[in-house]
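For reference, the structure is listed below as structure tokens.
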Amino acid sequence: MSTVSALGKRRTPVRPARILLHVFLAGTALAWLAPLLWAVFSALRPYSETSAKGYVSWPDTLNFDNFTHAFQQSDMLHYFGNTLIIAVPAVLLTLFLSSMVAFYVSRFDFRVNLALLLVFTAGNLLPQQVIITPLYRLYLLTDLPGITASGKLYDSALGLVLIHVAFQSGFCAFVLSNYMRSLPHELTEAALVDGASVWRLYWQITLPLCKPAMAALATLLSIWIYNDFFWALVLISTGENMPITSALNNLSGQYFTDPNLVAAGALLTAIPTLVVYFVLQRQFVSGLTLGSNKG
């Protein structure tokens, strides 16, 4: 027994390759965290100190004044509300529509299944900058009196919701279709034999089994749509209608910009995405490997 226990306690020799791997991973993590840590360091220092001593200097004062001023000066609470109005409907609509497409192409055998899925997926391959001019003209020409405050699709939250749904549905349909193909076809056949309608087969049988995939996609979509700046910059002209990513413009003056204040504002805008990630961390990580362990 003593010999067996001694062998069990014997340490495995550490190989040089493993040490190099850990050093490389630690260096890579530090390189990714360095900009964030520098932004936090700058946001905690007053601009008067950094302008006198430089940013690469030992701080004399560290406080949260920049965060308070950034929150108040940019009217951040209002822009958080604007982002919520855009992100929540866009995520829900994208998941609902893409799940219906995925259900059709994965659970039924038709000749156009593959072509339909390719059409939805091909939309993600088109650069946004290519279609911005015709899309801008289309939004200006689309009248929606009584529906939007501007009377047009342009300069409205509805316009941003629709463009996010259009661009994100292809990726979600592709992921969900692969996930649904892994579900047993016996469930579909048994439900059809029992007289279940197509809607019931989709809503009550298939969709509940896709909760892990839907949760992972909801996490990814929330982060992507929240961080969007391009579409809001092009399709919104009124400052009051801008989402949170555009609120940082209120921290920049015409002749002077406080970089420390902007850094504090940027960190404040990143808080909701961090909250979403940490709350749904398990679903987010599983979303990176969806279908990898499916037959």
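Since this is a predicted model, take the numbers as computed values, not measurements.
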Can you get from L97 to W203 by hopping between Ile, Leu, Val, Met, Phe, Trp and Tyr side chains that sit under 4.5 Å apart?
-> yes

What is the ring orientation for F167 with W231, classed by angle as parallel under 30°, tilted 30 to 60°, or perpendicular over 60°?
-> tilted

Out of curiosity, does V119 fall in the hydrophobic cluster containing V165 (side-chain heavy atoms, cut-off under 4.5 Å, transitive links)?
-> no

Measuring from L158:CG to D155:CG, what's the distance to the nearest 0.5 Å?
-> 12.0 Å

Backbone N or O of L153 within a donor-acceptor pair of the S156 side chain at under 3.5 Å?
-> yes

Exam field: side chain N82 to backbone E240, donor-acceptor pair closer than 3.5 Å | yes

Rounded to the nearest 0.5 angstrom, the OG1-CG distance for T50 and D258 is 7.0 Å

Tell me whether the centres of the aromatic rings in Y154 and Y136 are closer together than 6.0 Å.
-> yes

Between F41 and W38, how do the two ring planes meet: parallel, tilted or perpendicular, split at 30° and 60°?
-> tilted

Pairwise side-chain contact, L117 with S177, heavy-atom cut-off 4.5 Å (strictly under) | yes

d(I86 CD1, L160 CG) to nearest 0.5 Å is 4.5 Å

Return a table of donor-acceptor pairs under 3.5 angstrom between the side chains of residues 21-33 and protein atoms on other chains or two or more places apart.
from: H22; atom 1: ND1; to: R18; atom 2: O; distance (Å): 2.8
from: T28; atom 1: OG1; to: F24; atom 2: O; distance (Å): 2.8

Gap between atom OG of S42 and atom CG of L261 - 0.5 Å precision | 12.0 Å

Between the main-chain N or O of D228 and the side-chain N or O of T245, is there a donor-acceptor pair closer than 3.5 Å?
-> yes

Hey, does R45 have a side-chain heavy atom less than 4.5 Å from the side chain of L62?
-> yes

Between the side chain of Q168 and the main-chain N/O of T94, is any donor-acceptor distance below 3.5 Å?
-> no

Taking all non-hydrogen atoms of both residues into account, name the closest pair between A39 and A263 and its distance.
-> O-CB, 3.9 Å

Show your working on side-chain contact (heavy atoms from CB on, under 4.5 Å) between V279 and T219 and close with a plain yes or no.
-> CA-CA 9 Å; V279 171; T219 307; over 6 Å; no

So, T269 side chain and A266 main chain: donor-acceptor pair closer than 3.5 Å or not?
-> yes

Path from I85 to V91 over hydrophobic side-chain contacts below 4.5 Å = no

Could you check if a side-chain atom of Y139 sits within less than 4.5 angstrom of a side-chain atom of L162, using non-hydrogen atoms only?
-> yes

Taking the side chain as C-beta and beyond, is there a heavy-atom pair between I225 and T83 under 4.5 Å?
-> no

Just do the side-chain contact (heavy atoms from CB on, under 4.5 Å) check on L221 and H164 with the steps written out, would you?
-> CA-CA 9 Å; L221 287 174; H164 285 308; over 6 Å; no

Any sub-3.5 Å donor-acceptor pair from Q128's side-chain atoms to F230's backbone N or O?
-> no

Side-chain contact, heavy-atom cut-off 4.5 Å: L268 with I271?
-> yes

Is V130 linked to F229 within one hydrophobic cluster, defined over Ile, Leu, Val, Met, Phe, Trp and Tyr using a side-chain heavy-atom separation of less than 4.5 Å?
-> no

Would you check if the side chain of K53 reaches a backbone N or O of P59 as a donor-acceptor pair within less than 3.5 Å?
-> no

Taking atom CG of L183 and atom OG1 of T206, what is their separation to the nearest 0.5 Å?
-> 6.5 Å

dist Q129:CD -> I132:CD1 (nearest 0.5 Å) comes out at 8.5 Å

Closest non-hydrogen contact found for M180 with S106 is CB-OG, 3.2 Å

Mark yes when over 12 heavy atoms from residues, nucleotides or ligands other than F174 sit less than 6.0 Å from its CZ; otherwise mark no.
-> no

Can you name the closest pair of heavy atoms from A218 and S222 and give their distance?
-> O-OG, 2.7 Å

Would you kindly say whether Y202 and S99 are connected by a side-chain donor-acceptor distance under 3.5 Å?
-> yes

So do the side chains of T121 and F171 get within less than 4.5 Å of each other, counting heavy atoms only?
-> no

Validation: residues 184-197 side-chain donor-acceptor distances under 3.5 Å, sequence neighbours left out:
from: T188; atom 1: OG1; to: R107; atom 2: NE; distance (Å): 3.3
from: T188; atom 1: OG1; to: R107; atom 2: NH2; distance (Å): 2.8
from: S197; atom 1: OG; to: R200; atom 2: N; distance (Å): 3.2

Check the hydrophobic clustering (I, L, V, M, F, W, Y; side-chain heavy atoms under 4.5 Å; chains of links allowed) and say if L233 and I236 are grouped together.
-> no

Can you check side-chain contact (heavy atoms from CB on, under 4.5 Å) on L176 and F103, steps first, answer last?
-> CA-CA 8 Å; L176 287 174; F103 173 75; over 6 Å; no

